[in-house]
Amino acid sequence: MLKIGLTGGIASGKSLVATRLAELGAVLVDADAIAREVVEPGTPGLAAVVDAFGPEILDGEGRLDRPRLGAIVFQQPERRAELNGIVHPLVRERAAAVIAAAAEDAVVVQDIPLLVETGQQRNFHLVLVVDAPEAVRLQRMTEHRGMTEADARSRMAAQASRQDRLAAGDVVLTNSGTREELLAAVDGLWNGRLVPFARNISQGAVAARSGAPVLAAPNPDWPRQAAGLAERLKVAAPDDVLAVDHIGSTAVPGLEAKDVIDLQLAVPDLATADRIAPLLGAAGFPLWPGILMDSPHGRPDPAAWSKRLHGNADPARPVNLHIRVAGSPGWRFALCFRDWLRADPAAREEYAAEKRRMAALHASDANTSGYADDKEAWFRDVAAPGMERWAESSGWQPPSYVSTSANAAQG
């Protein structure tokens with residue numbers, strides 16, 4: 001199933017987005033609603049809250065007096081942490097039960113106000129942030145919810161900063177306009193991205209790509225995107241993934257590139273790569289069948305260049321996920337090539353010129369395969385010897401998180 005984490009600051013419009021997604025067919029798991037359920041009268045949750053905060057946080061009917069409790073926890077961060085320590089585990093347990101009952105091909109949306117604060121973003125295929133400027137949110141709270149400005153600001157301060165939420169988001173829906181504009185944006189996201197994403201995961205298919213190679217200007221957000229994807233991959237197979245590194249052109253600051261994130265996932269052997277393939281597929285990175293080897297550069301043994309290639313099921317974020325044995329020639333080449341380009345401006349510009357030449361040569365192609373194939377001669381004749389000279393002169397060494405033995409390189 002496709003798992004979406006939905007969050008947003010107070011008064012951002014998150015509830016409206018959640019409601020619309022449910023209307024479109026998503027299975028909605030509302031953390032706020034569950035948080036209310038787990039502290040209803042007679043529940044162990046309410047008993048634990050009363051033990052921690054005293055019977056005075058109950059109203060005359062024995063229910064939780066939320067305004068009174070809120071006045072305490074929003075003014076005292078340590079008490080808020082204490083409350084969260086009681087309620088959050090109960091919420092996660094109940095949410096897990098709802099998700100377990102959903103269909104395998106469902107789009108599950110978990111509405112979690114404190115998603116960023118609790119560090120849950122890597123547990124989802126996508127994080128959707130509903131955003132509005134702080135002044136707009138403040139106005140909504142004072143005019144439509146009857147809060148004082150001081151209370152509104154206190155509630156906002158108790159949440160993650162707007163900057164931190166935006167940094168965690170794969171998709172940001174801006175809600176500073178009309179209700180209709182926000183709903184239209186949700187509908188477009190559902191039909192254009194979420195539905196095909198869910199279908200691809202269900203079918204074990206990489207999102208289709210087509211069109212000639214197009215080089216984009218360097219995007220300073222590529223490293224952040226790569227880091228978020230890497231964290232999700234580590235969660236998918238935590239006992240088998242040795243490392244996930246951002247490689248390729250998008251990992252080199254200042255370099256033009258196709259808007260494709262290249263990641264290298266290091267494993268101890270190819271048997272491990274094959275065993276975790278279903279786990280990576282469920283995480284949104286299905287196997288790209290038929291691609292089992294890199295082009296050898298400078299070392300003749302083809303078997304040493306074996307690998308597996310996965311892609312992204314998300315149609316809006318192309319990813320090449322190279323699964324290579326740690327210590328293998330292909331693993332080493334990817335890391336050394338990236339670091340060489342980062343360190344050597346002349347080499348970086350030479351590669352950029354070659355990319356531009358190849359992109360122009362293949363500008364009318366239906367896909368990028370010819371572009372990729374024709375760059376191989378440059379990698380063999382220019383890049384391989386150039387980066388080896390740089391590695392020797394600079395003392396560059398590959399990461400030391402594993403032993404780089406010849407036996408491991410064979411997989």
Side-chain angles (χ1 to χ4, degrees), residues 4-21 28-36 38-39 49 52-53 57 64-88 91-92 95 109-124 126-179 181-183 185-186 189 221 224 228:
I4 308 296
L6 172 64
T7 194
I10 186 171
S12 64
K14 176 177 58 63
S15 296
L16 178 59
V17 171
T19 299
R20 185 58 171 174
L21 288 169
L28 180 61
V29 182
D30 187 335
D32 271 349
I34 294 175
R36 288 190 291 272
V38 299
V39 291
V49 173
F53 291 87
I57 51 88
L64 191 64
D65 188 328
R66 294 183 182 279
R68 183 175 298 176
L69 180 60
I72 297 172
V73 300
F74 283 107
Q75 297 294 332
Q76 302 178 52
E78 69 281 0
R79 301 309 308 273
R80 183 166 67 250
E82 185 178 4
L83 177 64
N84 290 342
I86 297 169
V87 175
H88 287 175
V91 172
R92 285 194 287 268
V109 176
Q110 290 186 246
D111 181 348
I112 306 177
L114 300 181
L115 184 150
V116 175
E117 292 85 341
T118 53
Q120 298 183 61
Q121 52 264 42
R122 64 181 186 168
N123 298 327
F124 299 95
L126 286 178
V127 171
L128 172 56
V129 174
V130 185
D131 179 58
E134 292 186 0
V136 172
R137 293 165 53 211
L138 184 64
Q139 182 181 12
R140 289 170 180 166
M141 285 186 281
T142 55
E143 293 185 2
H144 303 303
R145 301 189 184 187
M147 293 185 182
T148 65
E149 182 174 340
D151 191 22
R153 290 190 181 278
S154 175
R155 297 297 179 95
M156 292 168 65
Q159 295 184 324
S161 70
R162 184 186 181 200
Q163 181 179 1
D164 288 343
R165 274 195 303 274
L166 293 176
D170 300 289
V171 181
V172 176
L173 294 178
T174 301
N175 181 28
S176 55
T178 66
R179 173 190 176 93
E181 288 171 337
L182 180 60
L183 294 177
V186 176
L189 174 66
D221 195 49
R224 183 196 67 83

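Here, residue 1 is the first one in the sequence, and each next residue gets the next number.
- Here Glu149 pairs with Arg153 under the side-chain hydrogen bond (donor to acceptor under 3.5 Å, both in side chains) rule; sequence neighbours left out.
- In this view, Gln139 and Glu143 satisfy the side-chain contact (heavy atoms from CB on, under 4.5 Å) rule, not counting sequence neighbours.
- Considering only residues two or more places apart in sequence or on other chains, Ser15 meets the side-chain contact (heavy atoms from CB on, under 4.5 Å) condition with none of them.
- Considering CG of Leu6 and CG of Leu115, their distance stands at 8.5 Å, rounded to 0.5 Å.
- Leu28 CG to Arg20 CZ: the interatomic distance, rounded to the nearest 0.5 Å, is 14.0 Å.
- Take Arg145 and apply the side-chain contact (heavy atoms from CB on, under 4.5 Å) test, not counting sequence neighbours, and it matches Ile10, Ala11, Met141, Met147.
- A distance of 7.0 Å separates OG1 of Thr7 from CG of Leu114, quoted to the nearest 0.5 Å.
- Applying side-chain contact (heavy atoms from CB on, under 4.5 Å) to Arg140 and the options Thr142, Val136, Leu138 leaves one that passes, Val136.
- Judged as a salt bridge (Lys or Arg N to Asp or Glu O under 4.0 Å), and not counting sequence neighbours, Asp164 has no contacts.
- Taking Thr19 as the reference, nothing meets the side-chain hydrogen bond (donor to acceptor under 3.5 Å, both in side chains) condition, with sequence neighbours excluded.
- Remark: Arg79 pairs with Glu82 by the side-chain hydrogen bond (donor to acceptor under 3.5 Å, both in side chains) rule, at least two apart or across chains.
- In this view, Arg162 and Asp131 satisfy the side-chain hydrogen bond (donor to acceptor under 3.5 Å, both in side chains) rule, not counting sequence neighbours.
- Every residue meeting the side-chain contact (heavy atoms from CB on, under 4.5 Å) condition with Leu83, not counting sequence neighbours, appears here in chain and number order: Val49, Phe53, Leu69, Val73, Val87.
- Screening residues 111-122 for salt bridge (charged side-chain N to carboxylate O under 4.0 Å, His left out), with sequence neighbours left out, gives Lys14-Asp111, Arg122-Glu231.
- Residues Ser161 and Gln163 have side chains that never bring a donor and an acceptor to within less than 3.5 angstrom of each other.
- Checked for salt-bridge contact, Asp151 and Arg155 meet the test: a charged N lies under 4.0 Å from a carboxylate O.
- Counting only residues at least two apart or in different chains, side-chain hydrogen bond (donor to acceptor under 3.5 Å, both in side chains) contacts with residues 165-177 comprise Asp170-Arg232.
- Put simply, the side chain of Val109 does not reach to within 4.5 Å of the side chain of Leu128, judged on heavy atoms.
- The two residues Leu173 and Ala185 have their closest heavy-atom pair at CD2-CB, 3.9 Å.
- With sequence neighbours left out, Arg224 forms a salt bridge (Lys or Arg N to Asp or Glu O under 4.0 Å) with Asp221.
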